[in-house]
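Reading through the structure tokens given below for one structure.
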Amino acid sequence: MRFYAEIVMAKKTFQRPKGTADILPEQSVAWQKVEAVARQLFSNYGFGEIRTPMFENFEVFARSAGDTSDVVTKEMYDFYDKGDRHVALRPEGTAGVVRAYVENKLYGPDHEKPYKVFYMGPMFRYERPQAGRFRQFHQIGVEAFGSKSPALDVEIIAMAVNYFKTLGLKNLTVAINSLGDQESRQAYRQALIDYLKPHFDDLSQDSQTRLEQNPLRVLDSKDKKDQEIVADAPSILDFLSEASQAHWQRVQELLDLLEINYTIDSNMVRGLDYYNDTIFEIMTTDENLSGAATIAGGGRYSGLVEEFGGPDTPGIGFAVGVERLLALLASQNAEAAKEPQLDFYVVNLGEGSDAPALKLVQDLRQLGYRANRDYLDRSAKSQFKTANRLEAAYVMTLGDSEIANHTVSLKNMESGEQEEIKLDQLAEELARVTKKGDK
RNA sequence: GCGGUAGUGGUGAAGUGGUUAACACACUGGUUUGUGGAUCCAGCAUGCGAGGGUUCGAUCCCCUUCUACCGCCCCA
């Protein structure tokens, strides 16, 4: 006994890994809501759920050597497994889905075009936690393959907007931009460098390095000085190739047709390198969430499927950050979903009441009621207090006399009325009583 | 990877280099032996994130470390 006590005192404590969270029952109610709405709505739009592994071969994410995004270069949770395979926890959903699309030959004739899927689950990024930023976080995302139609771009943006509207969110803005195709981007990139070079010394430290590695990034610098310089920079929209220009125009026309409000932000760039043509973000204007304002982002990508060894196939998708969405929902919705209350609480008194109470709650649950009981042998008063706190509609009391008579005392907690009912007619009696009680 | 702020019980928190770490909420028990939401009474941190150090003595001083929060980078 003594030994044990000492072991307990010296007991090691554990903390969850940095940047992770335990989602407790009170919170998971909201998670389930958000997921359920997505499943329902996305399926209305013809998307089926896909579930891919949470880890992939490292190369799935770090395909092209030219990938400059931090997401793959420095934020990846990668390691060698016992078979010396280089694997990585997924930092985002698209790569795995594209891999699955190609590996399962979903581009084949047996499958609908466009091929539309959605996914939800944890993503991992090794980065410093802060507002709306975690090492394990969750995304709900969609991808659609096999159509270049601007109507698909618009439908997907509309679906995202619809999703947030269904959840009751307000103060959202949709920002769109076009990155053009390869050709457009090449031309623009050079023009931007030519413009920025003379201002090199005035640019922030960060932007100076950005200029070398990924000049487009300079466009959304947060530095004031940078922003002034960028204000007069050439716009990508003036460099779109004919095809990209036509696509871009059509997207806007169709958004107007659906009466979706949007703003064009020609300085918007997205974090992953694979995007081209239409890109978009959905942001909140709530001040207190400014650090994590973007709750969904996505766009078109055309080279990806080919990079994974599939046929030349266009794709488009977006992902919403679930933690950010939930934070926003919480800030806009003061009253959180309450835990469901109870139908019956079983107060059990005395030594012989344990087994009958076990049987009784079990029977009640089998009849479809929400039932709970006391397991701690507490006083009648305490048990009633608990019943009250749990908002039980009725309390059933099981003591020596009830057990002897094969009855149970049933008390309506609202009216205070109490009566004895026979255990062998439990179902009938409850049907009678609860019906009366409800109306 | 860089910068800032913080870390006291289930929760919100006060506090000081020195015998018992305020107060409130919550919780538990009691206020006539089996009946709730009010009142009253009592209990509830061998402990002040962790590990070192300074000191006769540290929750309070110093160092290291961990974690959280915020910002940069980057991103959902």
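Every chain is numbered from 1 and lettered A, B, ... according to where its sequence line falls, protein lines coming before strand lines. On a predicted model such as this, the values are computed, not experimentally measured, just so you know.
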Using a 4.0 Å heavy-atom cut-off across all strands, classify [X] as base, sugar-phosphate, or nothing.
{"X": "A:Ile295", "answer": "sugar-phosphate"}
{"X": "A:Gln15", "answer": "sugar-phosphate"}
{"X": "A:Phe134", "answer": "base"}

Below 4.0 angstrom from OP1 or OP2 of [N], is there any side-chain N or O of [X]?
{"X": "A:Arg389", "N": "B:rC27", "value": "yes"}
{"X": "A:Lys385", "N": "B:rG29", "value": "no"}
{"X": "A:Arg16", "N": "B:rA68", "value": "no"}
{"X": "A:Arg128", "N": "B:rC75", "value": "no"}
{"X": "A:Lys411", "N": "B:rU35", "value": "no"}

For [N], does the base pair up with any side-chain atom of [X] as donor and acceptor (N or O, under 3.5 Å, distance only)?
{"X": "A:Glu414", "N": "B:rG37", "result": "no"}
{"X": "A:Lys381", "N": "B:rU31", "result": "yes"}
{"X": "A:Ser379", "N": "B:rG29", "result": "no"}
{"X": "A:Gln418", "N": "B:rU35", "result": "yes"}
{"X": "A:Glu127", "N": "B:rA76", "result": "yes"}
{"X": "A:Arg133", "N": "B:rA76", "result": "no"}

Cation-pi check, A:Arg135 onto A:Tyr126 ring (under 6.0 Å, within 45° of axis) =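 Positive - A:Arg135 is close enough to the ring of A:Tyr126 and near enough to its axis.
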Heavy atoms of other groups near A:Gln182 CD, more than 12 under 6.0 Å |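 No, not enclosed.
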Counting only N and O atoms by type, is there a donor-acceptor contact under 3.5 Å from the side chain of A:His199 to the main-chain atoms of A:Tyr195?
-> yes
Within the side chain of A:Gln208, is there an N or O that forms a donor-acceptor pair under 3.5 Å with the backbone of A:Leu203?
-> yes
Considering only atom C1', compute the distance from B:rC63 to B:rA22 and round it to an integer number of Å.
-> 31 Å
Distance between the P atoms of B:rC25 and B:rU20, in whole angstroms?
->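 Taking atom P in both B:rC25 and B:rU20, they lie 26 Å apart.
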